[in-house]
Enquirer: 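Before I ask anything, let me first share the structure, which is written out below as structure tokens.
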Amino acid sequence: ARAGVEVPAGQLEHVPGQGLRARVQLAGASEPVDLHAGGMAMLSDLERDHPRAAWPLLRAWAKNQLGATLVFAAMRGGEVAAALALRDPVRAEAPEAAAALVKA
């Protein structure tokens, strides 16, 4: 069997301003699982839909991640929940590029 995650056609939903919801097939899993991934705007929905996850702990952790893009994820039933902090440092040439865009 091939390792990885497959998202069958039509099983991915973009939730504007919040994130993504998908039904995915994990390699080796007998049934597809529901995966929800999004930032702080989706956190309330995740807490409601997956009440068994440790959301208060993840929410407290998120408050300390200043400047990061936060991604929260949960799978059906709340058996698995995760939080990621994604950072991309500002490159040295960013101010010059921004000034050029303003002039354009």
Side-chain angles (χ1 to χ4, degrees):
R2 198 175 91 199
V5 177
E6 292 187 24
V7 180
Q11 298 298 307
L12 177 66
E13 174 190 6
H14 173 245
V15 182
Q18 292 191 10
L20 301 171
R21 298 178 190 272
R23 178 158 281 221
V24 300
Q25 183 65 50
L26 301 175
S30 59
E31 296 180 27
V33 296
D34 294 327
L35 174 66
H36 301 191
M40 291 298 288
M42 185 178 260
L43 191 52
S44 293
D45 286 349
L46 289 171
E47 289 173 319
R48 182 194 65 236
D49 295 345
H50 305 279
R52 295 188 320 180
W55 296 116
L57 178 65
L58 293 174
R59 188 182 284 276
W61 171 85
K63 289 181 181 178
N64 294 317
Q65 305 306 314
L66 298 176
T69 297
L70 299 175
V71 177
F72 297 92
M75 293 169 72
R76 182 186 330 186
E79 292 89 8
V80 177
L84 305 170
L86 308 174
R87 289 185 175 79
D88 188 12
V90 176
R91 293 172 52 168
E93 63 271 17
E96 183 180 325
L101 288 171
V102 170
K103 288 181 183 178

Enquirer: Write down the atom of Ala41, the atom of Gly17, and the distance for their closest heavy-atom approach.
Expert: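 Between these two residues, the closest heavy atoms are CB-O, 3.2 Å.
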Enquirer: Does Trp61 reach the side chain of Leu70, with side-chain heavy atoms less than 4.5 Å apart?
Expert: yes
Enquirer: If you count every heavy atom of other residues, nucleotides or ligands that lies below 6.0 Å from Glu96 atom CD, does the total exceed 12?
Expert: no
Enquirer: What distance do Leu43 atom CG and Trp55 atom CH2 have between them, rounded to the nearest 0.5 Å?
Expert: 6.0 Å
Enquirer: When rounded to the nearest 0.5 angstrom, what distance separates OG1 in Thr69 from CE in Met40?
Expert: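 Thr69 OG1 to Met40 CE: 12.5 Å, rounded to 0.5 Å.
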Enquirer: Say whether Val71 and Val15 are linked into one hydrophobic cluster, either directly or through other cluster members, by side-chain heavy-atom distances under 4.5 angstrom.
Expert: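 Val71 and Val15: separate clusters.
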Enquirer: For His14 and Leu20, work out which heavy atoms get closest and say how close.
Expert: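 Heavy atoms only, the tightest pair is CA-CD2, 3.9 Å.
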Enquirer: Taking atom CZ of Arg87 as the centre, report whether more than 12 heavy atoms of other residues, nucleotides or ligands fall under 6.0 Å from it.
Expert: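 Counting other residues, nucleotides and ligands, CZ of Arg87 exceeds 12 neighbours.
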Enquirer: Distance from Arg59 atom CZ to Leu57 atom CG, nearest 0.5 Å?
Expert: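 Here the rounded value is 12.0 Å.
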Enquirer: Heavy atoms only: give me the nearest Ala85-Gln65 pair and the separation to one decimal.
Expert: CB-OE1, 3.7 Å
